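As the structure lists them, so they are numbered: ligands from 1, and atoms in each ligand from 1. None of these values were measured; they are calculated from a predicted model.
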Amino acid sequence: MSGDAKLVYLFSELNEAESRVEDWDGVRGLLGGKGANLAEMTRLGVPVPPGFIVTTEACRGYQDAGALPDAVWDEALAATEQVEKAVGRKLGDPHEPLLLSCRSGGKFSMPGMMDTILNIGLNDEVAEGMSQSTGNPRFVFDLYRRLVQMFSSVVLNVPDQLFEEVLSAARRHAGVMTDPELSAGDWREVTRRFKDIVKTHTGKPFPTEPRDQLKLATEAVFRSWGGKRAVDYRNAAGIPHDLGTAVNIQTMVFGNFGEGSGTGVAMSRNAATGEKELEGDFLVNAQGEDVVAGTRQTRPLAELNDFMPEAYAEFEQIARQLETHFRNMQDMEFTIERGKLWVLQTRDGKRTAQAEVRIAVDMVDEGLISQREAVLRVKPDQVDFFLHPQLDPARAESRKPLAKGLNVSPGAAVGVVALDADTAERWARDGGKDVIMVRPETKPEDVHGMLAAKGIVTLRGGRTSHAALVARQFGKPAVVGADSLEIDLDKRELIADGEVVKEGEWISIDGTNGIVHGGQLPTVVPDLGNPYLLKILQWADEFRRLEVRANADYPRDAERAREYGASGIGLCRTERADAIAELLPLQRNDFAGLFRAMDGLPVIIRLIDPPLHEFLPAYDELIQDLADLKVRLQHMHTMSEIDDALDQIRVKQDFLERVSALREANPMLGSRGVRLGIMIPELTRMQTRAVFEAACRCAREGVDVHPEVMIPLTAHVKELQVQREALENEARTVMTEQGLEVDYKFGTMIEVPRAALTAEQMAGPAEFFSFGTNDLTQTTFGISRDDAEAGFLMHYIRNGILADNPFETIDPEGLGRLIELAVAGGRKVRPDLEIGICGEHGGDPRSIALCHALGLDYVSCSP
Ligand code: ADP
Ligand code: MG
Ligand code: MG
């Protein structure tokens, strides 16, 4: 940390923060997302309670030093004085006390990950003074007990359960069901008991000095950045661990001042569907965290209009202003204190894939963003979502649901009920089960279970509850607020209208409609018919440079691929008929089907690839057969029987000799790929004949055919030359027979490092390259995929030896380097060399990005 850098900024000092960093992204990096937006709202004139931000840089200082550096604290104290001046109240002053909240906020929002502490500045003296000045001791002691509870559980690690027990005892004692019914005296007593708990549990009294409270809270936020919950979340969300969090210290405003006050959360558009309508939840006479906690039943935001029409109108206008300013859907928190509206937070709203595509398209129509921006906003996994299952309507619609709730995160999930996060995680991870986690509500410490589960159900909570937010962010189907369900944790079961589902039994949830079904319902994969998605994909087509082809072996796959917009076949494998003589007519028909489906587009057909032994009788079987025959021979009597058996034995023995001669220790590195074509020229000839007969036949029908014949696993240019000659001879023969010429290409797969290293030579005979990235990964790493994934590779990934599975995402440094070399070498000789990849990497977003960066022409992936 440099000595003179500013470490604390008032919300009103945004300009100074901006002068230190280049752009808005940098501001967010320094002030955190929450702080940056609070400061930006302050600049826009939105009513934000005054406050200041302790920067992420200070957090890194804390992490380095293991304690809050003095310089940071001095600046924070100075900023506190500024805030005191701005609001005309003082921290610790019993007559005009300033109360503060302490909130974390890193560059990326991590919902619910770090706990906010409200009402800092209260102690016995301040509470008494405030009771007098407000004339409302009930209100003051409710604030005070909240401070003691939050502060002690978050900062002092006192188990929250202890406080909850006091609360239920207080309710029982007073004979009431809910907290709002408790009296001033009740809260005074609860506060006293809370402080006793703290003293017993920590051995020290609850800190009474407001500045100590503030300092301890600030440190606790910085400490929590390194806590397990936060680390797990960052791992799951791909957020770097060295960013650090900022701390926002802000003047308290009170939504729990009485019936004229309230608090709520709102989204500027519908987060599930994307529809343009303000939606949210609010509570009258409540403090902020009550809404998200899902402990009290919230009201829909629209009803705020009935309670407080002026505040509602102002909020509606601010929501529009913020959306236009940030050019994105906003997720906002507000509090109304005695009729006066305050905005406490705004951020880009988390939303479902459906909402994302719709909002992106709508915002283009509204002139807020460009088409390009719209395309960039939609993430690959959001497109992927549309390929995921929904409950089969034919089966689901006729059934009586177990329960209904809010449809907060769409899609279907089918799994066994797990009633807590640890069970969900254990069953999913160790048992390999599909799990639906069912909870009364969720809290940050449940996130690991939510991540492990296929879907989430909560009994309480609204559209902005913790469960809803986290589910949407991770694309987990979820139904929240299914309040007709009951959980019996003693019996470990779920009760719905008298029906019992035991933990471990199946349920099926429909997050699109908010329905929970008993049992294991079938699911269907929807088509890509969403009109907003199609629009985004159509725009994407206008910007992209990479072509997309499909790997398809059968005409059916080719038709589907074409329907989805594939611009050719990048890989048609030819190895599935086992007897060579039977291969020809079958293959001819398939090829013809592919050519028809891809009329006008290239179809790459790879010649036979698998190891030779796959075409031969199995060695073990032959041995067994021979043994059986010999046993039978001993029981034979007639001469003709014996002669027959001897004949059979001779044939099998010949086979066995041939098979043992061809037997390989490492078939995957043996006679396969191009080596087969060279050892058995018949193979190449026959397949070429099949390709060209089919091509000629289709051409005669008027189909525009473009066969591209591809040789697998070549390592040396000589192999290609030999194959090319064999192939061209046969192709010419067929075309002469058919009296027709078809346009074709000859090319090679690049699957071994030598081929990549000698790309300049390979590009002589080859008119195209296709990187077979599966084999290339095996040959570059020198590992076999099956052995690796069943063994050491998972260990490598778990222990961080490899960051990613190279069979899922192309290894950018090793494979990427080879591809780069091969592209350069090939294009040097043949500038128009057509280059792509085939294999599973062709469907992996990061691999696709790499292929784009390396200048490939296309990726080919499964249809
Ligand atoms: P989260 O990141 O979990 O949303 P926040 O820091 O936004 O945490 O705060 C939790 C709750 O406390 C929110 O409902 C918020 O509106 C409320 N809150 C935070 N600061 C204040 C404040 N100064 N006055 C009133 N309520 C506040
Ligand atoms: Mg918040
Ligand atoms: Mg291969």
Quick one: does [X] get an N or O within less than 3.5 Å of an N or O on ligand 1?
{"X": "Thr251", "result": "yes"}
{"X": "Arg103", "result": "yes"}
{"X": "Val253", "result": "yes"}

Leu31 vs Leu14 side-chain heavy atoms within contact, under 4.5 Å: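 They are in contact (side-chain heavy atoms under 4.5 Å apart), so the answer is yes.
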Verify the ring-centre separation between Phe206 and Phe151: is it less than 6.0 angstrom?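 Judged by ring-centre distance (under 6.0 Å), Phe151 and Phe206 do meet the cut-off.
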Looking at Phe307 versus Phe282, is the centre-to-centre ring distance below 6.0 Å?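 Under 6.0 Å, so yes.
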Can you tell me if Lys34 contacts ligand 1 (heavy atom of the residue under 4.0 Å from the ligand)?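 It does, in that a heavy atom of Lys34 comes within the 4.0 Å cut-off of ligand 1.
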Side-chain donor-acceptor contact under 3.5 Å, Asn328 with Arg351: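 Distance-only check passes for Asn328 and Arg351.
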Heavy atom to atom 9 (O) of ligand 1, shortest distance: which of Thr116, Asp115, Leu99 holds it?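 Result: the heavy atom closest to atom 9 (O) of ligand 1 is in Thr116.
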Arg234 charged N/C atom sitting above Trp225 aromatic ring, 6.0 Å / 45°: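 Positive - Arg234 is close enough to the ring of Trp225 and near enough to its axis.
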Proximity of Met252 to ligand 1 by residue part, where a heavy atom lies under 4.0 Å: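 Contact part for Met252 vs ligand 1: both backbone and side chain.
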Sort by chain and number the protein N/O/S atoms that are closer than 2.8 Å to the Mg ion (ligand 2), and list them.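 As for protein N, O or S atoms lying under 2.8 Å from the Mg ion (ligand 2), they are Glu333 OE2, Gln345 OE1.
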Show me the side-chain donor-acceptor pairs of residues 246-260 shorter than 3.5 Å, one per line, residues at least two apart or across chains.
residue : atom : partner : partner atom : Å
Gln250  : OE1  : Arg103  : NH1          : 2.9
Gln250  : NE2  : Pro49   : O            : 3.1
Thr251  : OG1  : Pro50   : O            : 2.8

Applying side chain to side chain donor-acceptor pair (under 3.5 Å) to Ser268 and Gln330, what does each step give before you reach the verdict? CA-CA 5 Å; Ser268 60; Gln330 294 300 295; over 6 Å; no
Could you measure the distance from the CE atom of Met308 to the CG atom of Leu341? Nearest 0.5 Å is fine.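 Met308 CE to Leu341 CG: 10.0 Å, rounded to 0.5 Å.
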